[in-house]
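Just so you know, residue 1 is the first one in the sequence shown, and it goes up from there.
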Amino acid sequence: MLGYLGLFAGLALLIWFALRGVNIFLASVICALVVAIPNGILLPAALLEHYPFGALGAFTFAGKFFLLFLCGAIFGKAMATSQAAKSIAVAITRGLGVKHTLLVGMVVCALLTYGGVVVFVVVFTMYPLGITLMREANLPKRIWCAATSVGAGTFTMTALPGTPSIHNVISASALGTDLFAGGWIGIFAAVVMAGLGMWYVEREWRLARAKGEGFVENAQDLRMEQLIGDPNDAPPWGLALVPLLLVLGVIMLPRLILGMADWSQTEGMFAAILRFSAAQPIIWPSIALVIGALSCGGLFVSARRKLGQVFGQGAEDSVMPLLNTAAVIGFGGVVTQTAGFGEFAQWILGVDLPPLLSVFTSISTLSAIVGSSSGGLQIFMQTLAPSYLEMGIQPEILHRIAAIASGGLDSLPHCGAVIATFMIMGLSHREAYKDMFVVTVAVPVIACLLSIALLMVLGVGVTPPA
């Protein structure tokens, strides 16, 4: 009984700390101790084994995925420094116009994140531009926040195949699949997320206009707007797209070539590179991101003049997102050592649910507990995924459904990404969380359940064990 009290107290305390803005490193260590002590886990084992270096250790995760975080942050910094990201945003804004402000926000964020630009770079790029659009359209800030979250934090993060997102890479590295696994069902889920998300934000805007609700400016908006600079200083949008297309091309082209013929017995360097790309779900997208960053240096003078500085600052920018995620996973590493977690695993695997619905339930619970989709996904892959493979779920389908499911209940009020987004935009949970909940929790959950229903109706994705 005492162990259960410690487990629930640690989870509740982690959520409370997140909502209060307590440093995640301190919060995760304190909460790990709150869980460990009542469960009879010795302090040396908790703090020196399970939290940092176990199968779900913070530094086990950080070591494995450091290269991807590093290269992603460097590419994001190169796109920001060269103003290529701004050029793409301005071009789409001019093309679609103020009448389609919400669509502008969603499309730009989706394009940048699918191309490998990290989410926080996208938010920092889009928000200053969005201030001008919101002012002209008299658009409430909370609705702009929701629209950009549809593009940056839902379908490009978990559903679309081929993206170098951490969720795609975690699934691929754990299951031995590639970044395109379960592609068709991922595209279906992405269409549902984008369609429902945009329907909701457009509906909210109509209701806001009817109530006389509009854009309310604050001092932070004026400071952020100064970051835009002169839009005419940005490179041509066609040239600005080249680094994104290079990243996606390096990731996708080997897959297309491998699908045309059997290269397993072919000799030569080209065939070896093709096989290497398929076998390395962490290194290959990292190489693609570095190529994208180098292309920024080659194409844009502003990045070329300080390429070393861009790479250095990008490396620094990678540290906090990596360690924030690692800290949550380290806490999960202690939780998984408790009897309560073992009983939860036995219960979820034994409950009378179709296997794919059981996957959805288990990973949604884990992501909700830690307030992190990547953290919940990593815990799931290291603890429960092997059992679901034994139930007959095909690795490719497990890859995609698990990734999609991780991006639903993670965005509860204590989610770090939600808190950071509200801070950047000067919003409170009271003002904006309802809209954020609909587009980043309710809509992804609906998309995942509809995807599972489609798989079950078609009778694909699960092969009953003999």
* Could you give all pairs that pass the salt bridge (charged side-chain N to carboxylate O under 4.0 Å, His left out) test and reach residues 240-255, with sequence neighbours left out? -> D178-R255
* Which residue pairs pass the salt bridge (charged side-chain N to carboxylate O under 4.0 Å, His left out) test with at least one member in residues 433-451, sequence neighbours excluded? -> R142-D435, E204-K434
Can you give each donor-acceptor pair under 3.5 Å made by side-chain atoms of residues 157-172, sequence neighbours left out, with the distance rounded to 0.1 Å?
{"unit_1": "T158", "atom_1": "OG1", "unit_2": "T154", "atom_2": "O", "d": "3.3"}
{"unit_1": "T163", "atom_1": "OG1", "unit_2": "S165", "atom_2": "N", "d": "3.4"}
{"unit_1": "S165", "atom_1": "OG", "unit_2": "M157", "atom_2": "O", "d": "2.9"}
{"unit_1": "S165", "atom_1": "OG", "unit_2": "N168", "atom_2": "N", "d": "3.3"}
{"unit_1": "H167", "atom_1": "NE2", "unit_2": "S373", "atom_2": "OG", "d": "2.6"}
{"unit_1": "N168", "atom_1": "OD1", "unit_2": "H399", "atom_2": "NE2", "d": "2.8"}
{"unit_1": "N168", "atom_1": "OD1", "unit_2": "R400", "atom_2": "NH1", "d": "3.2"}
{"unit_1": "N168", "atom_1": "OD1", "unit_2": "R400", "atom_2": "NH2", "d": "3.0"}
{"unit_1": "N168", "atom_1": "ND2", "unit_2": "T163", "atom_2": "O", "d": "2.9"}
{"unit_1": "N168", "atom_1": "ND2", "unit_2": "L179", "atom_2": "O", "d": "2.9"}
{"unit_1": "S171", "atom_1": "OG", "unit_2": "H167", "atom_2": "O", "d": "3.3"}

* Using the test side chain to side chain donor-acceptor pair (under 3.5 Å), find all partners of S451 that sit at least two apart in sequence or belong to another chain. => none
* **Listed once per pair and sorted, the salt bridge (charged side-chain N to carboxylate O under 4.0 Å, His left out) pairs that draw on residues 377-394, sequence neighbours left out** => none
* **From L455, L454, I185, residue fulfilling side chain to side chain contact (heavy atoms under 4.5 Å, CB included) relative to V460** => L455
* Measure the spacing between CG of L139 and CH2 of W144 and express it to the nearest 0.5 Å. => 8.0 Å
* Sequence neighbours excluded, which residues qualify as side chain to side chain donor-acceptor pair (under 3.5 Å) partners of E202? -> none
* Asked: Partners of S286 by side chain to side chain donor-acceptor pair (under 3.5 Å), sequence neighbours excluded?
  -> none
* Angle class for the W284/F276 ring planes (parallel below 30°, perpendicular above 60°, tilted otherwise)? -> perpendicular
* Applying ring-ring contact (aromatic ring centres under 6.0 Å, His included), name anything that partners F188, two or more places apart in sequence or on another chain. => none
* To do: Can you tell me which residue pairs pass the side chain to side chain donor-acceptor pair (under 3.5 Å) test with a partner in residues 106-120, sequence neighbours excluded?
  => T113-T156
* Could you give all pairs that pass the side chain to side chain donor-acceptor pair (under 3.5 Å) test and reach residues 51-71, with sequence neighbours left out? -> S28-Y51
* Sequence neighbours excluded, which residues qualify as ring-ring contact (aromatic ring centres under 6.0 Å, His included) partners of F437? -> none
* Interatomic distance, L19 atom CG to H429 atom NE2 [nearest 0.5 angstrom] -> 5.5 Å
Could you list the donor-acceptor pairs under 3.5 angstrom formed between side-chain atoms of residues 331-339 and any protein atom two or more places apart in sequence or on another chain?
{"unit_1": "T336", "atom_1": "OG1", "unit_2": "G332", "atom_2": "O", "d": "3.3"}
{"unit_1": "T336", "atom_1": "OG1", "unit_2": "G333", "atom_2": "O", "d": "2.9"}
{"unit_1": "T338", "atom_1": "OG1", "unit_2": "V335", "atom_2": "O", "d": "2.7"}
{"unit_1": "T338", "atom_1": "OG1", "unit_2": "F341", "atom_2": "N", "d": "3.2"}

